[in-house]
Amino acid sequence: MSDYGKEYAVIVVGAGHAGCEAALAAARIGCKTLLLTMGLDTVAQMSCNPAIGGLAKGHLVHEVDALGGEMGVNIDATGIQFRRLNIKKGPAVRAARAQADRMAYSARMKKVIEQQTCLDLKQGVVVDLLTEQGRVAGVKTRDGLDFRGRSVVLTTGTFMRGLIHVGLNNYPGGRAGEPASEGLSEVLRGLGLTVGRLKTGTPARLAARSINFNLLEKQSGDCKIKPFSFLTDAIEREQVDCYIAHTNKKTHQIIRANIEKSALFAGVIEGVGPRYCPSIEDKVMRFPEKDSHQSFLEPEGLDSTEMYPSGLSTSLPPDVQLQYFRTMVGFADVEIMRPGYAIEYDFVEPTQLRATLETRVLPGLFHAGQINGTSGYEEAAAQGLLAGINAAQYCRGKKPLIVGREQGYLGVMVDDLVTQPTLEPYRMFTSRSEYRLILREDNADQRLTELGRNLGLVCDERWQKYLEKQRQVEAGLQIIRQETLRPSDSEALKALSLGELKNGASFEQLLRRPQITIDLLASRCPALRELSDQALEQLEIAVKYEGYIKRQIEQVERSREQEGVVIPESINFSGLESLSTEVREKLTRVRPATLGQASRIAGVTPAAIAVLQVYLRKFRHG
């Protein structure tokens, strides 16, 4: 082995969505960073659906952006259809989603990385870790090079012992057309880490010119686009339509007739797949009463003719895929450009991590993304950002960043990962958060931008935009408290559909009424029209949901008592005989950092927490 001769503070392995955010975060904080990838042409590759955001996932993108990450800015620059989801529901579950130009998304992210100071991008396959004095010290590559680093972030995606299944045929691969990563799994096992196996899948890619779009339902994007990033003022890129297609009885008959050729149903795959995103054969077999399943047909880019049929991932052979696609309306002459496939890969049980995403067994080694058993670009990016920040903080001897469950979906996700066993690929849902009314997309900057600024991640432009938005929200509050509507103002009463008004009312009081929106009030008030859409949205939510928000903040305050009780790492849980054997084993395996975290471990009862609380009180007092 030969040494590269340059020492880094942070080495990031893998340039997927987690790796890109990790490397950019560490470099922007000021640490000399190396980003190693198996292929320079696949930076930020969208291996599956070419889209960013969605329910809860959009929240994560906003949080990444608020902290100074890149994903929100990147999708704003390369998105080709933007839609707000759940707009008729409450603000907690409204979410942004955008179709991406897949190649443009990857190319722009690569350019950002190449231009980032303190960051080197290099091609190399990592096969081993360097250690010194019980700490990580760098990585070894297949080419015979040692890269020295004080911390390492592993973001291996689906590449660790990746195995692709197409029908009953299988071959090693991290994704179609790319090799798997061999060796790292054994290295991690050798460190004492528990390594498991998971599965995911992707549908075929179809040729657009072979599809009769006239027979499909068109789905257009929003006319008024709301960007992902708090930095973006407007989206000016060309927008396209998506389409809705459906399977039918004939489709399902073909799938059932060939089910023994599916790797999943033939028992060839050992990894566990995502329950919430099943393959089409899984849907057909699990829901025999359903005659049809919906698929959103989405373009892969402005300069590509490939179409992505969401919801139709499969491990059936290519000839069977072609047969069932051609039974669908609009697909009679369809051509497959790339067949769908399933892939299984190794992951490392994340309960072996701290809330900083650092492994307990080897100081300086961090994990982010699918190596932690998660699925999705957004989950990966959020973890990558946190791991990159904490790897940099580790090298600088600074306090790590731990995001609480009350601070962001990022905090919810990480807390879930480090306290709960991984039974299937983890996906973010709004239902996972007990504080979702205060963890909205629109206020991600209020929750996290100051944190990012203190870390050195938030640039001056972003900080000034944040301060200006806060100023506008405060100004808006003053306006609606001062502006009033008098009973004699018949024109305004009619415009607002209020009927008679016995007494005068402030705009703030009016805004609490379900039928009155901030836009309606702004139409009557020039001062409100001077405020940004972001500020007006924040203002409306703050007023309409004031009581509920206050109640949730009180919940947070009540839970802080347990969250603030730190559990020393030196505690020997096996010696606590007043706890059951099962509870002691779980506490020993997870090593919760706080009493609150211990309370969320499956099987740790409230009675056990009470016992632990008493013991900790005695422990602290000697």
Side-chain angles (χ1 to χ4, degrees), residues 14-21 37-54 57-58 61 64 70-83 96-114 155 157-159 164 173-178 200-211 213 219 221 225 227-229 235-243 277 295-313 335-341 343 369-370 375-381 384:
H17 304 280
C20 288
E21 294 293 351
T37 174
M38 295 176 74
L40 289 176
D41 299 323
T42 56
V43 171
Q45 180 87 290
M46 292 181 144
S47 308
C48 199
N49 195 344
I52 295 293
K57 290 170 174 283
V61 181
V64 167
E70 194 65 27
M71 180 173 265
V73 178
N74 210 55
I75 186 58
D76 283 348
T78 59
I80 53 177
Q81 191 198 80
F82 290 77
R83 292 180 63 231
R97 185 184 185 277
Q99 199 66 27
D101 187 316
R102 187 170 65 88
M103 298 303 291
Y105 186 95
S106 175
R108 185 191 177 279
M109 187 68 84
K110 186 185 179 204
K111 185 177 180 181
V112 169
I113 287 167
E114 289 173 338
T155 69
T158 58
F159 282 78
I164 291 174
R175 55 186 164 222
E178 295 178 55
T200 188
T202 190
R205 305 309 195 269
L206 310 176
R209 65 182 181 181
S210 67
I211 298 169
F213 292 101
Q219 184 189 57
I225 298 173
F228 273 91
S229 176
I235 304 295
E236 297 175 352
R237 188 175 172 85
E238 179 186 345
Q239 301 292 289
V240 300
D241 293 321
C242 294
Y243 295 84
C277 189
S295 171
F296 290 98
L297 194 61
E298 300 162 336
E300 296 239 326
L302 297 179
D303 299 319
S304 172
T305 62
E306 290 183 73
M307 301 295 291
Y308 178 96
S310 72
L312 299 179
S313 65
E335 294 290 344
I336 290 177
M337 297 179 73
R338 312 186 203 206
Y341 61 87
I343 181 169
Q370 283 178 288
S375 69
Y377 310 141
E378 303 82 3
E379 290 89 342

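As the structure is a computational prediction, the values presented were derived from the model and not from experiment.
- Between N49 and E298 there is a side-chain heavy-atom pair separated by less than 4.5 Å.
- By the 6.0 Å contact criterion, CE on M337 is enclosed, its count of non-hydrogen atoms from other residues, nucleotides or ligands being greater than 12.
- Once rounded to the nearest 0.5 Å, the distance linking CD1 of I211 with CE of M307 reads 5.5 Å.
- A donor-acceptor distance shorter than 3.5 angstrom exists from the side chain of S106 to the backbone of V43, with no hydrogens or angles considered.
- D303 has its side chain out of reach of M103: every pair of non-hydrogen atoms, C-beta onward, lies at least 4.5 Å apart.
- A distance of 9.5 Å separates OG1 in T305 from CD in E300, rounded to the nearest 0.5 Å.
- No side-chain N or O of R108 forms a donor-acceptor pair with one of T78 less than 3.5 Å apart.
- Here CD of E379 is found 3.5 Å from NZ of K57. Values are rounded to the nearest 0.5 Å.
- Annotation: the span from Q219 atom CD to D241 atom CG amounts to 9.0 Å, rounded to 0.5 Å.
- Here the closest heavy-atom approach between residue L206 and residue P309 is recorded as CD1-CG, 4.1 Å.
- Atom OG of S47 is separated from atom NE2 of H17 by 6.5 Å, given to the nearest 0.5 angstrom.
- Y377 places a side-chain N or O within 3.5 Å of a backbone atom of C48 that can act as its donor or acceptor partner.
- Inter-residue side-chain proximity for F82 and R237 is flagged as unmet; no heavy-atom pair is nearer than 4.5 Å.
- Residues F296 and Q99 have side chains not in contact (no heavy-atom distance under 4.5 Å, counting atoms from C-beta outward).
- Nearest approach of I235 to D76, heavy atoms of both residues: CD1-O, 3.5 Å.
- Annotation: side chain of M109 is not in contact with side chain of K111 (no heavy-atom distance under 4.5 Å).
- Checked by atom type and distance alone, the side chain of T155 pairs as donor or acceptor with a backbone atom of G14 at under 3.5 Å.
- The backbone N or O of E21 sits nowhere less than 3.5 Å from a side-chain atom of E70 that would complete a donor-acceptor pair.
- Smallest separation of non-hydrogen atoms from C20 and I113: SG-CD1, 3.4 Å.
- In terms of modelled atom types and a separation under 3.5 Å, the side chain of T158 and the main chain of G174 share a donor-acceptor contact.
- Between Q81 and C242 the shortest side-chain heavy-atom distance falls below 4.5 Å.
- Proximity of E306 to R338: side-chain heavy atoms (C-beta onward) are separated by under 4.5 Å at one or more points.
- Of the possible donor and acceptor atoms, none in the side chain of R175 sits under 3.5 Å from a partner among the backbone N and O of G173.
- Under 4.0 Å is where a charged nitrogen must lie from a carboxylate oxygen, and between E378 and R97 no such pair does.
- Nearest approach of F228 to A98, heavy atoms of both residues: CE1-CB, 3.6 Å.
- We find the CG-CD1 distance between D101 and I80 to be 5.5 Å, quoted to the nearest 0.5 Å.
- Nearest heavy-atom pair across Q239 and G79 is NE2-O, 3.3 Å.
- Considering only heavy atoms from C-beta on, Y308 stays 4.5 Å or farther from R102 through its side chain.
- Shortest non-hydrogen contact noted between S310 and S295 is O-OG, 2.7 Å.
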